[in-house]
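The block underneath contains the structure these notes are about, expressed in structure tokens.
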Amino acid sequence: MVFFYYANLIGYVRVICLLVTIYTAFKNPVITVISYTINQALDFIDGPVARRYNQCSQFGATLDMIIDRVSETVILAVLGQLFPDWSWLFFLLIILDISSHWFQISANLLNKL
């Protein structure tokens with residue numbers, strides 16, 4: 001079943017790491033950095049794991065992309081709170097990240113028509 005593909009299980013662990021990152025962001029910076037680093041390290045390996053075990057799926061690709069966007073948004077929002085003078089830049093980066101991926105998805109869908 002696609003929900004239990006190895007790469008998707010890695011994605012679920014990434015969600016847990018992201019929740020830890022959010023919860024500890026302003027309470028414990030060491031735990032925050034560790035959980036976010038684990039999240040990013042797992043992002044590095046989930047694609048190769050999916051290809052290695054021939055477990056690529058549309059669900060997995062979508063799950064990975066959503067976790068990537070949320071992770072990026074969370075870390076930029078935290079930085080915006082920590083460095084309010086630079087928050088405008090972090091917000092622009094959030095807009096750039098989400099909009100560029102929306103254009104990428106739209107272009108891919110148009111190419112399949």
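The structure displayed is predicted, hence computed values, not measured ones.
At least one side-chain heavy atom of Tyr36 sits less than 4.5 Å from a side-chain heavy atom of Ser71. Using a 4.5 Å heavy-atom cutoff, the side chains of Asp43 and Ile67 are not in contact. Contact check for Leu109 versus Ile105: side-chain heavy atoms found under the 4.5 Å cut-off. No side-chain heavy atom of Leu63 sits under 4.5 Å from any side-chain heavy atom of Arg14.
Take Arg52 and apply the side chain to side chain contact (heavy atoms under 4.5 Å, CB included) test, not counting sequence neighbours, and it matches no residue. When the side chain to side chain donor-acceptor pair (under 3.5 Å) test is applied to Asn8, no partner is found at least two apart in sequence or on another chain. In this structure, the ring pair (Phe, Tyr, Trp, His ring centres under 6.0 Å) partners of Phe59, at least two apart in sequence or on a different chain, are Phe3. For the side chain to side chain donor-acceptor pair (under 3.5 Å) test, no residue two or more places apart in sequence or in another chain qualifies with Asp46.
Atom OG1 in Thr73 sits 9.5 Å away from atom CG in Leu18 (nearest 0.5 Å). For the atom pair Glu72 CD and Ile94 CD1, the distance stands at 8.5 Å (nearest 0.5 Å).
One hydrophobic cluster holds both Ile75 and Phe26 under the rule that ILVMFWY side chains link at heavy-atom gaps under 4.5 Å.
Residue pairs meeting the salt bridge (Lys or Arg N to Asp or Glu O under 4.0 Å) criterion with at least one member in residues 24-36: none, sequence neighbours excluded. Applying the ring pair (Phe, Tyr, Trp, His ring centres under 6.0 Å) test to residues at least two apart or on different chains, none of the pairs has a partner in residues 84-111.
Between the side chains of Thr21 and Ser35, at least one donor N or O lies within less than 3.5 Å of an accepting N or O.
Across Gln55 and Tyr6, no two heavy atoms sit closer than the pair OE1-N, 2.8 Å.
Counting heavy-atom neighbours within 6.0 Å of Tyr12 OH, excluding the residue itself, gives a total above 12.
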